[in-house]
Every structure is written in C-alpha cells, then in structure tokens.
Amino acid sequence: MSILGRDTKKCPRCEAKCLQGQLKCPVCGLIFSRVEQATNQAAWERLKNNEKEAVLYVKQVPKDKKKWKLILYTVLLGLVGGEYFYVRRWQRGLFYILGFILLFASVIFNSYLIGVWDGNLINVFAFFIGIYGIAWIMDIINVCLGKFKIPVSLPKEQENDL
Ligand SMILES: [Zn+2]
C-alpha cells in the first residue's frame with residue numbers, strides 16, 4: 001500500500017491509513033510502539049478483570065505468541081477452535097466446540113435420524129456443519145494472510161493504556 005509512492009500502514013485500532021514512519025496515529029492517537037510492547041497475556045488479565053476497553057484486537061502477532069504455532073493450531077485443532085483458545089478468544093472457541101459436538105453427533109446418529117425424520121433433521125445438521133466448515137477454512141486463510149485478530153494489552157503495572 002502506498003500514498004503518493006510512500007509506504008503506508010493501517011492503524012491497528014481505527015484502521016486509518018498512516019505513513020510507515022509515523023509514531024502515532026493522527027486520527028485516534030494510538031502510539032504504535034506501545035502496540036509492539038502489548039501482549040496477549042496482558043489482554044487475558046484485562047479481560048478477566050472485565051477491562052474490555054483496555055484490550056485492542058490487532059492483526060499482528062504479539063511478541064508472546066508465535067505465528068507458526070497459530071497456523072499449526074488452526075490447521076490441526078481448528079475444528080475445535082484451537083486457534084481461538086491459543087489467543088484466548090475462548091468465547092468464540094466454544095462455538096467451534098459446539099460445532100464439533102454437532103458434527104460428531106450427526107455422524108453417530110446419522111442412520112437413526114434419517115430413519116426417524118426422513119432426512120429433515122439431517123438437512124438442518126448439514127446446514128450448521130456447512131457454516132462451521134466454511135468458518136474453519138476462512139480461519140486458515142485469515143491466519144495465513146495475517147488477518148486473524150488477536151487481543152492484546154499492556155501489563156497493568158505499566159500504568160498506561162494502549
Ligand atoms: Zn488510529
């Protein structure tokens with residue numbers, strides 16, 4: 001991306017276009033070096049204390065997480081929301097667990113349900129499993145392209161917020 005041939009970046013908070021060398025977002029005032037210091041662990045502490053406003057969801061992998069691990073979790077454990085649990089977006093992860101239970105149940109009870117419901121309930125299952133499968137594939141694409149959002153924050157003892 002560039003404006004008039006100069007390299008630009010997007011502000012991780014407000015998505016405003018900023019020049020690569022800028023230290024602070026001219027729109028929302030975010031200081032970019034603070035984002036470099038922010039960790040997923042700190043975000044977890046903040047979320048546990050219900051301090052949602054101190055947490056920022058960014059596309060860059062924070063220093064306490066590894067991109068290759070994120071990719072591995074998505075590919076190997078994506079059907080149970082592994083990547084969401086890895087970055088502590090556990091509420092989203094629970095939806096994947098639910099999807100997995102549904103998938104598992106539909107496989108086990110397949111013939112029984114077809115017998116009883118003449119295929120109708122299986123269609124409902126197939127619809128959910130379809131959405132769930134697409135969500136998984138989208139996650140793999142997003143993680144590989146660096147578009148997966150990860151909650152980060154600064155440790156509380158630093159006494160300043162993002
Ligand atoms: Zn901004």
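Atoms within each ligand, like the ligands themselves, are counted from 1 in listed order. Since this is a predicted model, take the numbers as computed values, not measurements.
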Might you work through the salt bridge (charged side-chain N to carboxylate O under 4.0 Å, His left out) test for E83 and K65, ending with a clear yes or no?
-> CA-CA 11 Å; E83 68 279 26; K65 293 286 153 179; over 6 Å; no
Taking atom [atom1] of [X] as the centre, does the number of heavy atoms from other residues, nucleotides or ligands within less than 6.0 Å exceed 12?
X: K52; atom1: NZ; result: no
X: L145; atom1: CG; result: yes
X: Y86; atom1: OH; result: yes

Would you confirm whether the ring centroid of F100 sits within less than 6.0 angstrom of the ring centroid of F95?
->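 Ring centres of F100 and F95 not closer than 6.0 Å.
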Honestly, is R89 close enough over F148, meaning NZ or CZ under 6.0 Å from the six-membered ring centre and within 45° of the axis?
->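 Ring-cation test returns yes.
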Is any protein N, O or S atom closer than 2.8 Å to the Zn ion (ligand 1), and if so, which?
->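 Less than 2.8 Å away from the Zn ion (ligand 1) sit C11 SG, C14 SG, C25 SG, C28 SG.
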